[in-house]
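Notes follow the structure.
Order of listing sets the numbers, starting from 1, for every ligand and every atom in it. We're numbering straight along the sequence, starting at 1. Only a predicted model underlies this, so the values are computations on that prediction, with no experimental measurement involved.
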Amino acid sequence: METLYVELGERSYPIYIGSDLIRADVLAQHIPSSQVMIVTNETVAPLYLDTLLSSLPGFKVDVIRLPDGEAYKTLEHWTLIFDALLSCRHNRTTTLIALGGGVVGDMTGFAAACYQRGVPFIQIPTTLLSQVDSSVGGKTGVNHPMGKNMIGAFHQPVAVIADTQVLNTLPDKELSAGLAEVIKYGLIYDPDFFDWLEHNMEALREKEPTALATAIYKSCRIKADIVAQDERESGVRALLNLGHTFGHAIEAHAGYGAWLHGEAVAAGTMMAVNLSLKEGWLSIADAERIERIFVAAGLPVKPPRDMTESHFRELMAVDKKVVDGSLRLILLEQIGRGVVTGSFSSEHLSATITEMTA
Ligand code: NAD
Ligand code: MG
């Protein structure tokens, strides 16, 4: 087991990474209360709830199972967590445990931020994406019909348990979506990690536990470093959005869920790569390496076929933002070095959108 500390002053916490970590000796030290509420969903509960329950001897444990899916990441379903806490008489010293992917983690964290003005919570992320991304950084929340993650709070967990064993049941498509964010960390921050990923992609897709543990450790290390520099996203944290502005347009066009977030990020990153090339930063050889790694990870490298130039312009509000100068993108100066910038040529951006939708 590896332990990585996210350094945020008095809100610092450990991330445990390894195999078979859902155990009493890992969990109990982080539960100051006698009461525990596990929040999970109907897909993950049959797989891992028994293991978690048997790791909590001596605690008064209650469980709430939410329906599975981004469609249920709503205020309405979030309220069910409070209904369960209140009807099971949990007081303000209770501890919440999120057992599931990013949807369960975000909803549980936000409930922990609000229940009786804030209680501790532990994250047990069960998707690769949630292990490398949503469980680090303290952003929690739910969707509003008018926008994703529009209602939420910053609330750091007291501990994160990233168990590589639980990924064995994760569908391949979900694993690939998580790999998109893993590759992103190498691209924006760490050329050696990018090299390592090129050499270990096959092992990762085969869910080889030590390869997974290394990828999770490095990814969390990079995200934790960036978050420690900029907890509230006023500067460098924006680097984590590489590929996301183009990616969000793809998700919005395809309909959320039709393309997984990581798939949209991969195609969106290739658009950022194309623009970085035009700006004279990346070399063609590097752009090809990036395309190859996404393909090796089982990810798309182009937007959906039916998506046109005007879809992108509209969904990204390109024209309006170019006029008022507010369009900032994450581009790559080289593999391992991302920049947040508003100074790229709008002709180059137009050419990128035209080429990538051709
Ligand atoms: P998810 O939570 O919907 O999980 C994906 C699917 O895998 C679900 O059907 C889930 O039930 C299933 N699943 C989970 N673990 C499994 C396992 N071990 N075996 C089999 N199936 C399993 O999606 P996700 O990709 O984990 O997370 C996406 C969410 O995370 C989005 O809502 C996004 O907004 C959020 N997010 C938050 C942050 C943040 O900083 N807070 C960052 C990135 C993403
Ligand atoms: Mg993302």
Worksheet item: Parallel under 30°, tilted from 30 to 60°, perpendicular over 60°: which one fits the rings of Phe193 and Trp196?
Response: parallel
Worksheet item: Hey, are the side chains of Thr357 and Thr308 touching, using non-hydrogen atoms and a 4.5 Å cut-off?
Response: no
Practice prompt. Measure from the side-chain N and O atoms of His199 to the backbone N and O of Leu197, and report whether any donor-acceptor pair falls under 3.5 Å.
Written response: no
Report every pair formed by an N or O atom of ligand 1 and a protein N or O atom separated by less than 3.5 Å, giving atom names and the distance to 0.1 Å.
{"residue": "ligand 1", "atom": "2 (O)", "partner": "Gly102", "partner atom": "N", "Å": "3.0"}
{"residue": "ligand 1", "atom": "2 (O)", "partner": "Val103", "partner atom": "N", "Å": "3.1"}
{"residue": "ligand 1", "atom": "9 (O)", "partner": "Asp68", "partner atom": "OD1", "Å": "3.1"}
{"residue": "ligand 1", "atom": "9 (O)", "partner": "Asp68", "partner atom": "OD2", "Å": "2.8"}
{"residue": "ligand 1", "atom": "11 (O)", "partner": "Asn41", "partner atom": "ND2", "Å": "3.0"}
{"residue": "ligand 1", "atom": "11 (O)", "partner": "Asp68", "partner atom": "OD1", "Å": "3.1"}
{"residue": "ligand 1", "atom": "11 (O)", "partner": "Asp68", "partner atom": "OD2", "Å": "3.0"}
{"residue": "ligand 1", "atom": "15 (N)", "partner": "Thr126", "partner atom": "O", "Å": "3.2"}
{"residue": "ligand 1", "atom": "15 (N)", "partner": "Thr126", "partner atom": "OG1", "Å": "2.7"}
{"residue": "ligand 1", "atom": "18 (N)", "partner": "Thr126", "partner atom": "O", "Å": "3.0"}
{"residue": "ligand 1", "atom": "18 (N)", "partner": "Val166", "partner atom": "O", "Å": "3.0"}
{"residue": "ligand 1", "atom": "18 (N)", "partner": "Thr169", "partner atom": "OG1", "Å": "3.4"}
{"residue": "ligand 1", "atom": "19 (N)", "partner": "Thr169", "partner atom": "O", "Å": "3.4"}
{"residue": "ligand 1", "atom": "19 (N)", "partner": "Thr169", "partner atom": "OG1", "Å": "2.7"}
{"residue": "ligand 1", "atom": "26 (O)", "partner": "Gly102", "partner atom": "N", "Å": "2.8"}
{"residue": "ligand 1", "atom": "26 (O)", "partner": "Thr127", "partner atom": "OG1", "Å": "2.6"}
{"residue": "ligand 1", "atom": "27 (O)", "partner": "Gly102", "partner atom": "N", "Å": "3.2"}
{"residue": "ligand 1", "atom": "32 (O)", "partner": "Glu70", "partner atom": "OE1", "Å": "2.7"}
{"residue": "ligand 1", "atom": "32 (O)", "partner": "Glu70", "partner atom": "OE2", "Å": "3.2"}
{"residue": "ligand 1", "atom": "32 (O)", "partner": "Lys73", "partner atom": "NZ", "Å": "2.8"}
{"residue": "ligand 1", "atom": "34 (O)", "partner": "Lys73", "partner atom": "NZ", "Å": "3.0"}
{"residue": "ligand 1", "atom": "34 (O)", "partner": "Asn149", "partner atom": "ND2", "Å": "3.2"}
{"residue": "ligand 1", "atom": "41 (N)", "partner": "Asp106", "partner atom": "OD1", "Å": "3.0"}
{"residue": "ligand 1", "atom": "41 (N)", "partner": "Lys139", "partner atom": "O", "Å": "2.8"}

Discussion item. Main chain of Thr51, side chain of Ser54: is a donor-acceptor contact present, judged purely on distance under 3.5 Å?
Written reply: yes
Discussion item. For a 4.5 angstrom cut-off between non-hydrogen side-chain atoms, does Ile226 reach Tyr189?
Written reply: yes
Practice prompt. Evaluate the side-chain proximity of Arg89 to Lys60: yes if any heavy-atom separation is below 4.5 Å, no if none is.
Written response: no
Item to complete: State, with a plain yes or no, whether a side-chain heavy atom of Asp106 is found less than 4.5 Å away from one of Lys139.
Response: no
Worksheet item: Got Thr93 and Val119 here, is their nearest side-chain heavy-atom distance under 4.5 Å?
Response: no
Worksheet entry | Under 2.8 Å from the Mg ion (ligand 2), the protein N, O or S atoms, given as residue and atom | Glu181 OE2, His244 NE2, His261 NE2
Worksheet item: Are the ring centres of His90 and Phe82 closer than 6.0 Å?
Response: no
